[in-house]
Amino acid sequence: MSKDLPENTARVAHIGIAVRDLDEALRLYHEALGLPLHGRESVEGDGVNVAFLPAGDTELELLEATGPESPVARFIEKRGEGIHHIALEVDDVAETLKNLRDRGYRLIDEEPRIGAGGVRVAFVHPRSTSGVLIELCEKGGDGRP
Ligand code: ZN
């Protein structure tokens, strides 16, 4: 690791899963698999209804589109339901974005914004990350409502 990149004690904050029907997905993850349900909320800016289910040291974030224009609706249309993004916890989202930008990675969010649970987040474009949509989540919040 180079000197100018701060070492993040990386943790997978959560794994985002795009689903067509949140209630149906909860029947699997919550009722059948027994994962606790730690909250549901709508994130209007992202056009999603989300549910968080803790799983060990991380969580599953189920994402249901609120309408056809939602990025999650477009994702499901193109690729079907499934893993949508991986959220990595970092110490400082703004600093991490700057490091990525300096190294030529393509960002979706140029600046941190407030995501689910009031946590500072930013997304990195999958075109520059081997096809994985990465969400950076600032430490101190776990993205949970
Ligand atoms: Zn997420």
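Every number for a ligand or one of its atoms is a count from 1 in the order of the listing.
When you scan the N, O or S atoms of Glu61 for the one nearest the Zn ion (ligand 1), you land on OE1. The N, O or S atom of His85 lying closest to the Zn ion (ligand 1) is NE2. The N, O or S atom of Glu135 with the smallest distance to the Zn ion (ligand 1) is OE1.
Annotation for Ile83: atom CD1 does not count as buried by contact number, only 12 or fewer foreign heavy atoms lying within 6.0 Å.
A 4.5 Å side-chain heavy-atom check between Ile17 and Tyr29 finds at least one atom pair inside the cut-off. Contact of the Asn49 side chain with the Arg40 side chain is not registered, since no non-hydrogen atoms from C-beta on lie closer than 4.5 Å. Looking only at side-chain heavy atoms (C-beta outward), Val121 and Glu138 stay at 4.5 Å or farther from each other.
In summary, His84 places no N/O/S atom under 2.8 Å from the Zn ion (ligand 1), failing the contact criterion.
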